[in-house]
Amino acid sequence: MTKPCILCCAITGSVPTKANNPAVPTTITEQVESSLAAIEAGASIIHAHVRNADETPTSDPEKFAELQAQLKKHAPEAIIQFSTGGRSGAGQERGGMLSLRPDMASLSVGSNNFPTRVYENSPDLVAWLSSEMVKYEITPEVEAFDLSHILGAIRMHEQGTLFGKLYVQFVMGVKNAMPADREVFDFYVHIMKTRAPEAEWCAAGIGPNQVVVNEWAIAAGGHTRAGLEDNMRLDRDTLAPSNAALIARAADLCAKYERPVATPAQAREILGLRPA
């Protein structure tokens, strides 16, 4: 298999804190340094959340603007992907940074259960977020926590309400949502290949499922995500020392399956993104 594999690094997220793992980057400076190391290890996409000084999540456009400016300065080739996730704000606040025109942004197209709450993505909010991405020419990474999200994304793309090339990420292993189940994973891949053959797909596993889902995705010809947002450990007894360490582990799996790790330029071409 010679198709390059795109590695996405989810550097911070909204939940992990330094109390969980001191390596979690929460300030802009830490996020830039962690991103640069992850890019060096093989990441093409930086999936970014921002935090307040007390480590709580926020959708503050000024913080996103600062992070984007620093990443563009130090790694101009990297693909910047902003999160519009629901833990960082409510309603249209979640998309307040889209006017900054990042290369990509995450988009959840349906609701589901999370460990302690409902992750609500109403049809009206999904329509507004997707319209903002069309307006600012931002390719969404659809975060699919359920089969209905995959089918919904395919339908939205066919209707022209998603900008650019369809890119769907299977998120597996969130408590009360879709577990990391190999049979389900294989069915997801089958759906993408048969119903959206021109699309690209990615997979992410949460916690100890991260390395498992990384390997499934790489072996099946897809792309994958790693990083401290999703998983803070190398194994049960060892905290991950950095985002770069988790990306390096995914890159090693690419070598195992004889797949080259995509450069940022190759990732832009595969995903149909504008040049850096």
Those residues that, when tested against A199, pass side chain to side chain contact (heavy atoms under 4.5 Å, CB included) (two or more places apart): L166, M192, A196
Indicate every side-chain donor-acceptor pair of residues 265-276 with a distance under 3.5 Å to a residue at least two apart or in another chain.
residue: Q266; atom: OE1; partner: T263; partner atom: N; Å: 2.9
residue: Q266; atom: OE1; partner: T263; partner atom: OG1; Å: 3.4
residue: R268; atom: NE; partner: E77; partner atom: O; Å: 3.3
residue: R268; atom: NH1; partner: D103; partner atom: OD1; Å: 3.0
residue: R268; atom: NH1; partner: R274; partner atom: O; Å: 2.8
residue: R268; atom: NH2; partner: A78; partner atom: O; Å: 2.9
residue: R268; atom: NH2; partner: D103; partner atom: OD2; Å: 3.3
residue: R274; atom: NH1; partner: E137; partner atom: O; Å: 2.8
residue: R274; atom: NH2; partner: R101; partner atom: O; Å: 2.7
residue: R274; atom: NH2; partner: P102; partner atom: O; Å: 3.1

Contact check, side chains of Y167 and H223, non-hydrogen atoms, under 4.5 Å: yes
By ring pair (Phe, Tyr, Trp, His ring centres under 6.0 Å) - contacts of F145 (at least two apart): F114, Y119
Side-chain ion pair, E30 and R51, N-O less than 4.0 Å: no
Nearest-0.5 Å distance that lies between atom OG in S108 and atom CD in E120: 12.0 Å
Residues that S99 engages under side-chain hydrogen bond (donor to acceptor under 3.5 Å, both in side chains), provided they are two or more places apart: none
Within-4.5 Å side-chain heavy-atom neighbours: L162 and V142: yes
Ring centre gap for W216 and Y257 strictly below 6.0 Å: no
Non-neighbouring partners of A144 that pass side chain to side chain contact (heavy atoms under 4.5 Å, CB included), sequence neighbours left out: H149, I150, V168
Full working for salt bridge (Lys or Arg N to Asp or Glu O under 4.0 Å) between R225 and E143: CA-CA 12 Å; R225 170 169 130 167; E143 295 193 339; 3.3 Å; yes
4.5 Å side-chain heavy-atom contact, L234 and P241: yes
Distance-only polar pair, side chains of S34 and N243, donor-acceptor under 3.5 Å: yes
Same apolar cluster (I L V M F W Y, side chains within < 4.5 Å links), M232/V174: no
Side chain to side chain contact (heavy atoms under 4.5 Å, CB included) evaluation trace for T26 with V24: CA-CA 6 Å; T26 57; V24 175; 4.1 Å; yes
Side chain proximity check, H47 to S106, heavy atoms < 4.5 angstrom: yes
Residue list, side-chain hydrogen bond (donor to acceptor under 3.5 Å, both in side chains) with D124, at least two apart or on another chain: none
Would you tabulate the side-chain donor-acceptor contacts of residues 60-68 under 3.5 Å, counting partners in other chains and residues two or more places apart, or write 'none'?
residue: D60; atom: OD1; partner: E62; partner atom: N; Å: 2.9
residue: Q68; atom: NE2; partner: L100; partner atom: O; Å: 3.3

Close side-chain approach of R87 and V15, heavy atoms under 4.5 Å: yes
Full working for salt bridge (Lys or Arg N to Asp or Glu O under 4.0 Å) between K165 and E198: CA-CA 8 Å; K165 189 170 186 175; E198 300 304 315; over 6 Å; no
Ring centres under 6.0 angstrom apart (W201, F170): yes
Evaluation steps, side chain to side chain contact (heavy atoms under 4.5 Å, CB included), between E40 and L36: CA-CA 6 Å; E40 183 69 23; L36 295 178; over 6 Å; no
No-hydrogen, no-angle side-chain donor-acceptor test under 3.5 Å, R233 and N20: no
Closest contact, heavy atoms only, A203 versus A217: CB-CB, 3.9 Å
Worked check of salt bridge (Lys or Arg N to Asp or Glu O under 4.0 Å) between R182 and D186: CA-CA 6 Å; R182 182 57 192 263; D186 289 342; 2.9 Å; yes
Expected output: side-chain K18 to main-chain A23 donor-acceptor under 3.5 Å: no
Straight-line distance of I39 CD1 to C9 SG, nearest 0.5 Å: 8.5 Å
Residues which pass side chain to side chain contact (heavy atoms under 4.5 Å, CB included) with T116, listed by chain and number, not counting sequence neighbours: none
Residue pair F163 / P140: nearest heavy atoms and the distance that separates them: O-CD, 3.2 Å
T161 side, atom OG1; M156 side, atom CE - distance, nearest 0.5 Å: 4.0 Å
Residue list, side chain to side chain contact (heavy atoms under 4.5 Å, CB included) with E93, at least two apart or on another chain: S59, A90
Side chains of I206 and Q210 in contact at under 4.5 Å (non-hydrogen atoms): no
Distance (rounded to the nearest 0.5 Å) between Y136 OH and M97 CE: 12.0 Å
Closest non-hydrogen atom pair, E141 against C8: OE2-SG, 4.4 Å
Pairing residues for N21 by the side-chain hydrogen bond (donor to acceptor under 3.5 Å, both in side chains) criterion, not counting sequence neighbours: none
Donor-acceptor contact below 3.5 Å, side chain D235 vs main chain T238: yes
Co-membership, hydrophobic cluster, residues L107 and I80, 4.5 Å side-chain: yes
Selection residues 171-181 - residue pairs positive for salt bridge (Lys or Arg N to Asp or Glu O under 4.0 Å), sequence neighbours left out: none
Any I218 side-chain heavy atom under 4.5 Å of C254 side chain: yes
Chi angles and distances behind the side chain to side chain contact (heavy atoms under 4.5 Å, CB included) call for M172, V184: CA-CA 10 Å; M172 310 189 83; V184 171; 4.0 Å; yes
Point-to-point distance, once rounded to the nearest 0.5 Å, from OG1 of T224 to CZ of R259: 9.5 Å
Spacing of I45 atom CD1 and I11 atom CD1 [to the nearest 0.5 Å]: 13.0 Å
Any side-chain heavy-atom pair of L98 and M133 under 4.5 Å: yes
Contacts of N176 that satisfy side-chain hydrogen bond (donor to acceptor under 3.5 Å, both in side chains) - sequence neighbours left out: none
Cluster overlap I79 with I6, hydrophobic side-chain contacts below 4.5 Å: yes
Distance-only side-chain donor-acceptor flag, H49 / T12, under 3.5 Å: no
Within one Ile-Leu-Val-Met-Phe-Trp-Tyr cluster: I138 and V50, side-chain cutoff 4.5 Å: yes
From CA spacing to verdict: side chain to side chain contact (heavy atoms under 4.5 Å, CB included), L246, N231: CA-CA 9 Å; L246 297 172; N231 167 48; 3.8 Å; yes
